[in-house]
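Beneath this line is the structure, given in structure tokens, with notes to follow.
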Number of protein chains: 2
Amino acid sequence: MPRPRGFDADAALDAIKATFWTYGYEGTSIQRLEDATGLKKQSLYRLYGDKRGMYLAALKAYDEHENAAAIDTLTAEGSARDRLKRLFTSLIDDADPRGCLMCNAGTDQAALDDGSGAAVRAMLSRLRQAFEAALGALDDYRQDDRLRAGKAAALVASYIGLRVLIKAGEPADRLHALVADIMKSL
Amino acid sequence: MPRPRGFDADAALDAIKATFWTYGYEGTSIQRLEDATGLKKQSLYRLYGDKRGMYLAALKAYDEHENAAAIDTLTAEGSARDRLKRLFTSLIDDADPRGCLMCNAGTDQAALDDGSGAAVRAMLSRLRQAFEAALGALDDYRQDDRLRAGKAAALVASYIGLRVLIKAGEPADRLHALVADIMKSL
DNA sequence: TTAATTACGGACTATTCGGTAACAAATATG
DNA sequence: CATATTTGTTACCGAATAGTCCGTAATTAA
């Protein structure tokens, strides 16, 4: 019955995600989303209800794509140490000036909006569990659950801190020294 | 010659800082700053020129008060390990839901505004040097400059990550386990 | 073919945005 | 006292804000 939509909803969501990623929640106007997606605001409101819905959809897409890619790196082939090092190093090498949308949402919206806060915590939890799983392949951590949980949480903190430092424009050599320290502390 | 001002400019700046701290740059309207300070916008514009000037003044005040307090903790009495542990633990115990204004500015504005980016980098640099100085009291790090620099950068990343996790509402026991891992890795 | 349903685009709303102009009150210096 | 200067206050500006309404086009099921 319905008239088919004349645009690619997935591509639109990608554009929405990229816009919130760059400008943050408050820094993103509906006009900006219209420009980024090429859609009229009416189509955006029909798809997502309101601006908050657009943001939550962007967070979900980020979790399913960018966050999932990071987790994939942690569960890929090679030794656990190599996978961890590859994850952290790749963040520096292809430095994204927008930072990490999950981290941005954590500082930006998590404390002001329950929905965003819950979404951020869910993403953080997924990432932490991936770190825990990778640590499970290392002798020192396989046996001791508490040790592994603490290290996994610390790796999440380092991950967030690294991405914020990248966004803040810290020089790459300092960041590589930082990663070297993380690897040494495993 | 001039008529004396009828308000406390320092108190006004504190209120401005608190408002940006809670709501971020874009989330803070001039109206909100008027309400927080009790001043009319004309007085605000006379003091700071424009909204960006108000934000940069808030960052400076944060550096001079909150950031300086953290650095003081790192240079207080007691062993270096105790000082480091006290700093991280205190962040968890008196969890500030607004997070860290330096960290917030880093994800919020550093990539979009040169002035904010430079201010954030300067604050990060001060904090990193304080970590380096504290590490200088530990035998393992006193000798090796590269080792110390890497660890100091890693501690900054952990500091940022911890504050973001606190703001995101992570449970305190997990955060204490995180700090235990940091201390173990020294 | 008709009816139901959805997509679309433009116009419109009321409010808020950051920022400015104008002016009277207050004060210290000449 | 007079004058220069800064204060606080009100009013105002055009632009942008999030969100809605409504008429029209397109499509499929009956």
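Below, read A as the first sequence line, B as the second, and so on, with proteins coming before strands; counting in each chain starts at 1. Below, each value reflects all heavy atoms present in this structure, side chains not excepted, and no hydrogens, waters or symmetry copies.
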Are A:Arg32 and A:Asp35 within salt-bridge range, i.e. N to O under 4.0 Å? no
Under a 4.0 Å heavy-atom cutoff, the residues of residues 29-44 of chain B touching DNA chain D are B:Lys40, B:Gln42, B:Ser43
Between B:Asp96 and B:Arg98, does at least one N-O distance fall below 4.0 Å, as a salt bridge requires? yes
Parallel, tilted or perpendicular: which fits the ring planes of A:Phe20 and A:Tyr55, with parallel below 30° and perpendicular above 60°? perpendicular
Rounded interatomic separation in angstrom, taking CZ from B:Phe7 and P from D:dT6: 14 Å
What is the distance from OH of B:Tyr25 to P of C:dC17, rounded to the nearest Å? 13 Å
Please report, rounded to the nearest Å, how far the P atom of D:dT6 is from the CG atom of B:Leu47. 13 Å
Can a donor-acceptor pair be found, under 3.5 Å and without considering hydrogens, that links the side chain of B:Arg148 to the backbone of B:Arg142? yes
Tell me the interatomic distance from B:Glu26, atom CD, to D:dA16, atom P, rounded to whole angstroms. 14 Å
Does A:Arg46 make a side-chain N or O approach to OP1 or OP2 of C:dT6 shorter than 4.0 Å? no
Results of side-chain hydrogen bond (donor to acceptor under 3.5 Å, both in side chains) for A:Ser125 - residues two or more places apart only: A:Arg128, A:Gln129
Please state how far atom OH in B:Tyr23 lies from atom P in C:dC17, giving the value in whole angstrom units. 12 Å
Is A:Asp14 paired with A:Lys17 through a side-chain N to carboxylate O contact shorter than 4.0 Å? yes
